[in-house]
Amino acid sequence: MKKTYFNHDSNARNDLKLIRLRSVGGFEFYGIYFALLELLFSEENKICIEDYDALAFGLQCDTNKLKQVIEDFDLFVIEDDCFYSKRLNNHIEEINNKSKKAK
(Lines give C-alpha, C1' and ligand atoms only; values in the text may rest on other atoms or scores of the structure.)
Protein backbone atom coordinates (compact mmCIF):
# COMPACT_ATOMS: atom_id res chain seq x y z
CA MET A 1 0.00 0.00 0.00
CA LYS A 2 1.30 3.43 -0.91
CA LYS A 3 1.74 5.34 2.34
CA THR A 4 2.04 8.93 1.22
CA TYR A 5 -1.52 10.09 1.93
CA PHE A 6 -5.06 9.04 2.72
CA ASN A 7 -8.29 10.61 1.58
CA HIS A 8 -9.73 13.29 3.80
CA ASP A 9 -13.42 13.88 3.29
CA SER A 10 -13.87 17.55 2.48
CA ASN A 11 -17.13 17.62 4.43
CA ALA A 12 -15.85 15.70 7.49
CA ARG A 13 -16.60 18.66 9.74
CA ASN A 14 -20.32 18.08 9.02
CA ASP A 15 -20.31 14.46 10.19
CA LEU A 16 -22.58 14.21 13.26
CA LYS A 17 -19.95 12.37 15.31
CA LEU A 18 -17.38 15.05 14.51
CA ILE A 19 -19.87 17.80 15.31
CA ARG A 20 -20.37 16.17 18.71
CA LEU A 21 -16.58 15.93 19.13
CA ARG A 22 -16.15 19.62 18.25
CA SER A 23 -18.98 20.65 20.57
CA VAL A 24 -16.97 19.21 23.46
CA GLY A 25 -13.38 19.95 22.49
CA GLY A 26 -13.50 22.35 19.58
CA PHE A 27 -11.02 22.15 16.78
CA GLU A 28 -8.37 20.94 19.25
CA PHE A 29 -10.21 17.59 19.45
CA TYR A 30 -10.74 17.68 15.68
CA GLY A 31 -6.99 18.07 15.21
CA ILE A 32 -6.27 15.20 17.62
CA TYR A 33 -8.74 13.04 15.68
CA PHE A 34 -7.03 13.67 12.36
CA ALA A 35 -3.57 13.22 13.91
CA LEU A 36 -4.78 9.83 15.14
CA LEU A 37 -6.02 8.94 11.65
CA GLU A 38 -2.63 9.85 10.19
CA LEU A 39 -0.91 7.70 12.80
CA LEU A 40 -3.34 4.83 12.26
CA PHE A 41 -2.77 4.99 8.51
CA SER A 42 0.97 4.57 9.00
CA GLU A 43 0.35 1.71 11.45
CA GLU A 44 -1.97 -0.32 9.18
CA ASN A 45 -5.00 1.06 11.09
CA LYS A 46 -4.40 -0.56 14.46
CA ILE A 47 -2.80 0.88 17.57
CA CYS A 48 -2.67 -0.91 20.89
CA ILE A 49 -3.11 1.32 23.90
CA GLU A 50 -0.43 0.31 26.33
CA ASP A 51 0.17 3.83 27.59
CA TYR A 52 -1.99 6.84 26.79
CA ASP A 53 0.73 9.12 28.18
CA ALA A 54 3.31 7.93 25.64
CA LEU A 55 0.82 8.15 22.77
CA ALA A 56 -0.18 11.67 23.85
CA PHE A 57 3.46 12.70 24.09
CA GLY A 58 4.05 11.42 20.55
CA LEU A 59 1.12 13.49 19.30
CA GLN A 60 2.01 16.44 21.56
CA CYS A 61 -1.43 16.64 23.16
CA ASP A 62 -3.03 16.27 26.57
CA THR A 63 -3.47 12.65 27.68
CA ASN A 64 -7.04 13.10 28.94
CA LYS A 65 -8.11 14.84 25.73
CA LEU A 66 -6.56 12.09 23.64
CA LYS A 67 -8.37 9.44 25.66
CA GLN A 68 -11.67 11.32 25.23
CA VAL A 69 -11.23 11.52 21.45
CA ILE A 70 -10.49 7.79 21.25
CA GLU A 71 -13.15 6.56 23.65
CA ASP A 72 -16.06 9.01 23.87
CA PHE A 73 -17.35 9.79 20.38
CA ASP A 74 -17.83 6.40 18.66
CA LEU A 75 -15.18 7.34 16.09
CA PHE A 76 -12.97 4.33 16.78
CA VAL A 77 -13.54 0.66 17.47
CA ILE A 78 -11.79 -0.55 20.62
CA GLU A 79 -11.00 -4.26 20.85
CA ASP A 80 -8.47 -6.09 23.00
CA ASP A 81 -6.82 -2.86 24.21
CA CYS A 82 -6.32 -1.70 20.60
CA PHE A 83 -8.27 0.73 18.46
CA TYR A 84 -8.90 1.30 14.76
CA SER A 85 -11.15 3.32 12.46
CA LYS A 86 -13.87 1.70 10.33
CA ARG A 87 -13.83 4.72 8.02
CA LEU A 88 -10.06 4.42 7.55
CA ASN A 89 -10.47 0.70 6.81
CA ASN A 90 -12.69 1.68 3.87
CA HIS A 91 -10.06 4.12 2.57
CA ILE A 92 -7.31 1.50 2.88
CA GLU A 93 -9.45 -1.02 1.00
CA GLU A 94 -9.99 1.51 -1.81
CA ILE A 95 -6.24 2.15 -2.05
CA ASN A 96 -5.48 -1.57 -2.12
CA ASN A 97 -8.15 -2.23 -4.77
CA LYS A 98 -6.84 0.56 -6.99
CA SER A 99 -3.32 -0.77 -6.57
CA LYS A 100 -4.40 -4.31 -7.55
CA LYS A 101 -6.25 -3.01 -10.61
CA ALA A 102 -3.23 -0.96 -11.65
CA LYS A 103 -1.06 -4.10 -11.62
Side-chain angles (χ1 to χ4, degrees):
M1 175 176 66
K2 188 175 180 182
K3 293 190 175 215
T4 56
Y5 72 94
F6 67 93
N7 292 336
H8 168 90
D9 296 329
S10 62
N11 65 345
R13 71 186 183 290
N14 296 320
D15 180 282
L16 289 177
K17 291 178 184 179
L18 292 177
I19 289 171
R20 210 169 73 242
L21 172 126
R22 287 191 351 257
S23 74
V24 173
F27 277 96
E28 181 180 11
F29 276 27
Y30 191 73
I32 293 169
Y33 169 70
F34 276 101
L36 284 168
L37 288 182
E38 291 171 0
L39 184 58
L40 281 165
F41 186 79
S42 68
E43 297 294 326
E44 299 295 324
N45 197 24
K46 184 176 184 181
I47 296 175
C48 293
I49 312 163
E50 297 171 5
D51 184 356
Y52 274 113
D53 291 325
L55 185 57
F57 179 79
L59 294 176
Q60 293 295 289
C61 67
D62 178 78
T63 302
N64 292 325
K65 292 176 182 179
L66 173 72
K67 187 174 180 182
Q68 273 187 278
V69 171
I70 293 170
E71 295 182 0
D72 293 352
F73 299 98
D74 197 31
L75 293 165
F76 300 102
V77 177
I78 301 172
E79 295 176 345
D80 302 322
D81 295 324
C82 298
F83 70 97
Y84 67 92
S85 165
K86 286 183 183 180
R87 176 177 268 177
L88 188 56
N89 267 349
N90 294 336
H91 288 299
I92 291 171
E93 282 182 34
E94 288 175 20
I95 291 168
N96 288 337
N97 289 336
K98 287 179 183 178
S99 178
K100 287 177 187 176
K101 287 180 183 179
K103 289 180 183 182

Are the side chains of [Y] and [X] in contact, using a 4.5 Å heavy-atom criterion?
X: Ile70; Y: Ile32; value: no
X: Leu75; Y: Leu18; value: yes
X: Glu79; Y: Tyr84; value: yes

### Task
Look only at the side chain of Asp74 and the backbone of Lys17, and say whether a donor-acceptor pair between them is shorter than 3.5 Å.
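Here the side-chain-to-backbone pair does not exist.
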
### Query
In terms of the angle between their ring planes, are Phe73 and Phe29 parallel, tilted or perpendicular, with boundaries placed at 30° and 60°?
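Because their plane-to-plane angle is over 60°, the rings of Phe73 and Phe29 count as perpendicular.
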
For [X], enumerate each residue passing the side chain to side chain contact (heavy atoms under 4.5 Å, CB included) test, keeping only those at least two apart in sequence or located in another chain.
X: Ile19; value: Leu16, Arg22
X: Glu50; value: none
X: Asp80; value: none

Would [X] and [Y] show up in the same hydrophobic cluster when neighbours are defined by side-chain heavy atoms closer than 4.5 Å?
X: Tyr52; Y: Ile47; result: yes
X: Phe27; Y: Leu37; result: yes
X: Val24; Y: Leu66; result: yes

### Message
Testing the 3.5 Å rule here: is there a donor-acceptor pair between the side chains of Tyr33 and Glu38?
### Response
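No pair is found: no donor N or O on one side chain lies under 3.5 Å from an acceptor on the other.
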
#### Entry: More than 12 heavy atoms of other groups within 6.0 Å of Asp81 CG
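No - once you tally the heavy atoms of other residues, nucleotides and ligands closer than 6.0 Å, there are 12 at most.
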
### Query
Got a sec, which residues hit side chain to side chain donor-acceptor pair (under 3.5 Å) with Arg87, two or more places apart in sequence or on another chain?
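Testing Arg87 for side chain to side chain donor-acceptor pair (under 3.5 Å), a comparison that skips the adjacent residues, returns Asp15.
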
### Task
Among Ile, Leu, Val, Met, Phe, Trp and Tyr joined by side-chain contacts under 4.5 Å, find the other residues sharing a cluster with Phe57 and list them by chain and number.
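Via sub-4.5 Å side-chain contacts, Phe57 links to none.
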
### Task
Using the disulfide bond (SG atoms under 2.5 Å apart) rule, collect all pairs that involve residues 33-74, keeping only residues at least two apart or in two chains.
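Only Cys48-Cys82 qualify under disulfide bond (SG atoms under 2.5 Å apart).
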
